[in-house]
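In the text below, chain A, chain B and the rest are named by the order of the sequence lines, each starting its count at 1. What you see is a predicted model, and the numbers here were worked out from it, not measured in a lab. The basis for the numbers below is simple: all heavy atoms, side chains too, and nothing from hydrogens, waters or symmetry mates.
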Amino acid sequence: MRTSQVLIPTLREDPGEAETVSHRLMLRSGMIRKVAAGIYTYLPLGLRVLRKIEHIVREEMNRAGAQELLMPIASPAELWQETGRWGFYGKELFRFKDRHDRDFCLGPTHEEVITDLIRREVRSYRQLPLNCYQIQTKFRDEIRPRFGLMRGREFIMKDAYSFDRDEEGARLSYQKMYDAYNRIFTRCGLTFRPVEADTGLIGGTSSHEFMVLAETGEETIVYAQGGTYAANVERAEVRPPTESASEPLRPLRKVPTPGARTVEEVTTLLQTTPQRLVKTLLYTTPQETVAVLLRGDHQVNGIKLAKLLGVTDLELTPPEKVMAITHAPVGFAGPIGLSHTRIVADHAVKALRNIVVGANEGDAHYVDANWERDFSVEQFADLRNAQTGDPSPRGDGPLLIARGIEVGHVFMLGTKYSQAMGATFLDPQGRECPPVMGCYGIGIGRTAAAAIEQNHDAKGIIWPVPIAPFAIHLLPLHQSARVTEAARSLYHILTDAGVDVLWDDRDERAGVKFNDADLIGAPYQLVIGEKGLAQGTVELKERKTGTVKPLAPGEVLQQAKQRLDSGSAGA
RNA sequence: CGGGGCGUAGCGCAGCCUGGUAGCGCACCUGCUUUGGGAGCAGGGUGUCGGAGGUUCAAAUCCUCUCGCCCCGACCA
């Protein structure tokens with residue numbers, strides 16, 4: 001393709017609206033433009049990347065035995081009412097009425113629609129298993145869209161739904177998708193990791209998220225160094241400590257700690273460590289307020305806590321209410337003398353002796369407090385986030401922390417939707433059974449964004465070969481007939497051989513072309529200038545390393561092919 | 001939804017505090033020169049100062065309301 005004939009409006013300066021690397025570079029390289037918050041137009045360059053990713057996804061989904069179909073983006077309220085999600089989903093579900101005043105929504109996901117189809121069309125176990133997928137635009141009216149394609153309101157997603165005769169079959173379908181996802185992200189040239197994920201409110205037996213590893217990732221994952229265990233920190237189990245402190249109990253004392261509210265302030269003042277302090281956090285649910293005890297250096301895990309309490313709504317108790325309950329400002333709450341409030345504690349607290357806790361009065365803490373002797377705990381549980389150095393729950397080494405971007409999610413659904421919607425088939429014994437379902441998503445645009453987060457430098461994007469909008473950026477540096485002719489000739493040789501070439505045929509200076517090429521990020525640049533041609537060479541330059549290889553024009557095709565093929569290993 | 005911030009030329013910004021002719025850089029158009037990492041000179045066009053009210057002789061600037069967007073937290077591909 002010629003630059004003069006494609007709309008690639010590159011920006012020299014960073015747009016003010018973008019903070020994140022991928023967002024900035026997508027705007028600057030002319031891949032996307034914003035239409036409204038979280039809603040974007042994909043320009044030719046951006047669309048090419050999406051298509052490349054979609055192509056890989058299609059191939060691997062088909063290979064895994066899934067079949068493509070396409071569901072509507074609008075669906076009637078009735079379907080959502082059947083599963084209760086019309087009421088449950090909240091404002092994220094974009095609702096509207098048609099001219100007859102009937103309720104509709106834009107599909108944020110398609111369990112209802114696909115299950116409706118299956119209940120109509122599938123009668124017999126002989127028709128199962130079945131795995132249907134689509135690549136389609138989804139709409140979720142996100143509370144806060146951000147980071148460009150990373151979290152849009154409108155976004156392109158591959159979603160697949162499997163239907164099986166039984167649990168065993170469903171596990172198999174799940175495994176096939178798990179394997180397919182591994183192949184997909186490998187083929188995309190990404191460094192990623194499947195991690196155990198929280199199953200959320202949907203429940204179910206199994207769920208994995210596919211995380212592209214990147215510093216800027218929104219998710220925190222933990223993994224066993226050298227081992228196999230990896231999980232989203234939301235889910236990662238923390239085992240109770242195996243040993244308790246054995247030092248003798250010292251008498252409880254109250255000490256003044258004026259103005260010391262934070263763990264750091266208190267431990268500094270009392271010359272102790274966060275490991276010997278227990279913080280008391282008050283959480284409020286629709287039913288009650290609960291005190292949660294955690295070791296000073298540990299972070300509460302809201303999901304674990306919500307599960308323990310059996311609620312979905314949970315928030316830190318506001319300061320006025322903390323004052324009412326503890327008779328002290330925030331920062332001085334403690335378990336001693338805290339009446340009428342349930343106290344739960346993380347396992348780690350049980351193992352401690354002679355700890356520092358708040359005194360439930362302003363500017364004072366207790367030291368050498370001890371569980372059982374000085375205060376009671378209703379329940380010990382795993383309530384904290386795993387952190388670096390914690391033992392892996394699988395016993396395969398200490399845990400490390402990394403950041404990741406969730407690009408895919410595979411999920412065992414069980415019969416939640418099939419039962420709710422009365423989808424059944426007849427098994428060999430003639431009994432009516434609900435199919436066991438799974439669902440599997442991949443964010444196409446987010447995968448593109450994640451690829452940029454993972455592959456860029458100060459000058460721009462460095463696309464992995466398999467998803468690059470163009471494999472080679474052809475850069476004639478001069479307007480002379482000789483250079484132009486050499487460019488034309490190489491362009492045709494390469495494109496005829498099936499290589500995606502972007503030919504910068506603009507009348508621009510070398511610097512402009514180089515900078516745009518670096519920004520757009522084709523993995524290779526083919527530089528043609530008078531200087532080289534005088535010696536009978538052109539230059540093949542690798543974007544990632546900057547390595548320049550002088551070549552005779554006749555060698556270019558073979559050399560380029562060789563590099564591009566090795567760059568897309570696994571394809 | 002809570003907290004913070006921003007809306008001024010296509011893009012990036014200054015001007016606002018202390019009211020008085022709307023500016024700078026880039027981009028764009030014309031010409032000449034230049035041409036291997038975002039060229040130089042000369043000339044040129046560019047604005048409902050996000051919107052609506054109000055105060056004032058006078059509002060980009062002060063006040064009120066409103067819309068949009070960005071960033072930080074609870075949701076998710």
* Minimum-distance nucleotide to A:R509 side chain [options: B:U35, B:C76, B:A74] -> B:U35
* Look at atom CZ of A:R51 and say whether more than 12 heavy atoms of other residues, nucleotides or ligands are closer to it than 6.0 Å. => no
* Scan residues 149-158 of chain A for pairs that pass salt bridge (Lys or Arg N to Asp or Glu O under 4.0 Å), counting only residues two or more places apart or in two chains. => A:D141-A:R153, A:E142-A:R151, A:R151-A:E218
* Asked: Excluding sequence neighbours, so at least two apart, what forms salt bridge (Lys or Arg N to Asp or Glu O under 4.0 Å) with A:E112?
  -> A:R85
* Asked: How far, in whole Å, is B:G5 from B:A77 if one measures between their C1' atoms?
  -> 29 Å
* In whole Å, what is the span from the CG atom of A:D141 to the P atom of B:C76? -> 15 Å
* Interatomic distance at C1', B:U55 relative to B:U64, whole Å -> 11 Å
* Go ahead and name the base partner of B:C1; Watson-Crick or wobble counts if both distances stay under 3.5 Å, otherwise write none. => B:G73
* Asked: Given that A:G148 and A:E154 both sit by RNA chain B, which one's nearest nucleotide is further toward the 5' end?
  -> A:G148
* To do: Determine the interatomic distance between P on B:C67 and the same-named atom on B:C13; round to the nearest Å.
  => 25 Å
* Asked: Taking atom types as they are modelled, is there a donor-acceptor pair under 3.5 Å from the base of B:C75 to the side chain of A:E218?
  -> no
* Asked: Just checking A:L11: base, sugar-phosphate only, or nothing, at a heavy-atom cut-off of under 4.0 Å?
  -> nothing
* **A:E485: salt bridge (Lys or Arg N to Asp or Glu O under 4.0 Å) partners, not counting sequence neighbours** => A:R488
* Asked: Distance-only, no hydrogens or angles: does the A:R261 side chain make a donor-acceptor pair with backbone N or O of A:G331 under 3.5 Å?
  -> no
* Whole-angstrom distance between B:U46 and B:A9, as gauged at atom C1' -> 6 Å
* Asked: Can you tell me how far C1' of B:A77 sits from NE2 of A:H409, to the nearest Å?
  -> 10 Å
* Structure fact -> pair_partner(B:G7), Watson-Crick or wobble, both distances < 3.5 Å, evaluates to B:C67
* Asked: Mind checking the P distance from B:U8 to B:A14? Whole angstroms is fine.
  -> 11 Å
* Asked: Which part of the nucleic acid does A:V407 contact within heavy-atom distance under 4.0 Å: base, sugar-phosphate only, or nothing?
  -> sugar-phosphate
* Just by modelled atom types, is the A:S22 backbone N or O under 3.5 Å from a matching donor or acceptor in the A:E453 side chain? -> yes
* Asked: Would one find a side-chain N or O of A:R151 under 4.0 angstrom from OP1 or OP2 of B:A77?
  -> no
* **Side chain of A:F155 (C-beta onward), nearest among B:A74, B:A77, B:G38** => B:A77
* Structure fact -> Checking N1-N3 plus N6-O4 or O6-N4 for Watson-Crick, or N1-O2 and O6-N3 for wobble, each under 3.5 Å, the partner of B:C28 is B:G44
* Let me know the distance between CE of A:M157 and P of B:A77, rounded to the nearest Å. => 6 Å
* Asked: Looking at residues at least two apart in the chain, or sitting in another chain, which of them share a salt bridge (Lys or Arg N to Asp or Glu O under 4.0 Å) with A:E542?
  -> none
* Asked: Taking atom C1' in both B:C69 and B:C11, what distance in whole Å separates the two?
  -> 16 Å
* Asked: Short question: side chain of A:K279, backbone of A:H298 - any donor-acceptor pair under 3.5 Å?
  -> yes
* Asked: Does A:P466 offer a backbone N or O that forms a donor-acceptor pair with the side chain of A:K52 under 3.5 Å?
  -> no
* Would you say B:U35 has OP1 or OP2 under 4.0 Å from some side-chain N or O of A:H478? -> no
* Write down the distance between CZ (A:R140) and C1' (B:C75), rounded to a whole number of angstrom. => 10 Å
* Asked: When we call it a touch if two heavy atoms are under 4.0 Å apart, what does A:R28 touch: a base, just sugar-phosphate, or nothing?
  -> base
* To do: Could you give the distance separating B:C70 and B:U30 at their C1' atoms, to the nearest angstrom?
  => 39 Å
* Please answer whether B:G36 and A:F514 are stacked, defined here as ring centres separated by less than 5.5 Å and planes angled under 30°. => no
* Asked: In chain order, what residues pass the ring pair (Phe, Tyr, Trp, His ring centres under 6.0 Å) check against A:H478, with sequence neighbours excluded?
  -> none
Could you go through nucleotides 26-33 of chain B and list every protein N or O atom that sits under 3.5 Å from one of its N or O atoms, giving the distance for each pair?
unit_1: B:A27; atom_1: OP1; unit_2: A:R12; atom_2: NH2; d: 3.4

* For B:C65 and B:G23, measure between their C1' atoms and round to the nearest Å. => 30 Å
* Could you state the atom-to-atom distance from CZ of A:R506 to P of B:A39 in whole Å? => 12 Å
* Asked: With a 4.0 Å cut-off on heavy atoms, is A:G532 in touch with a base, just the backbone sugar-phosphate, or nothing at all?
  -> base
* Starting at the 5' end of RNA chain B and moving along, which residue's nearest nucleotide shows up first, A:I528 or A:P15? -> A:P15
* Remember a base hit wins even if backbone is also touched, and classify A:E92 as base, sugar-phosphate or nothing at under 4.0 Å, heavy atoms. => sugar-phosphate
Show the distances under 3.5 angstrom between N or O atoms of the protein and N or O atoms of nucleotides 67-70 of chain B.
unit_1: B:C69; atom_1: OP1; unit_2: A:A37; atom_2: N; d: 2.9
unit_1: B:C69; atom_1: O3'; unit_2: A:K34; atom_2: NZ; d: 3.0
unit_1: B:C70; atom_1: O3'; unit_2: A:E17; atom_2: O; d: 3.3

* **Partner nucleotide, any strand, of B:C57 [Watson-Crick/G-U, under 3.5 Å]** => B:G20
* Asked: With a 4.0 Å cut-off on heavy atoms, is A:E234 in touch with a base, just the backbone sugar-phosphate, or nothing at all?
  -> nothing
* To do: Starting at atom OH of A:Y283, determine the distance to atom C1' of B:G73, rounded to an integer number of angstrom.
  => 12 Å
* To do: Just jot down the ring pair (Phe, Tyr, Trp, His ring centres under 6.0 Å) partners of A:F104, sequence neighbours excluded, or say none.
  => none
* Whole angstrom value for the distance that separates C1' of B:C75 from OH of A:Y89 -> 10 Å
Which atom pairs, one a donor and one an acceptor, fall under 3.5 Å between side chains of residues 440-449 of chain A and the rest of the protein, sequence neighbours left out?
unit_1: A:Y440; atom_1: OH; unit_2: A:S162; atom_2: OG; d: 2.6
unit_1: A:R446; atom_1: NE; unit_2: A:M150; atom_2: O; d: 2.9
unit_1: A:R446; atom_1: NH1; unit_2: A:E406; atom_2: O; d: 2.8
unit_1: A:R446; atom_1: NH2; unit_2: A:M150; atom_2: O; d: 3.1
unit_1: A:T447; atom_1: OG1; unit_2: A:G443; atom_2: O; d: 2.6

* To do: In whole angstrom, give the distance that lies between atom CG of A:D14 and atom P of B:C71.
  => 13 Å
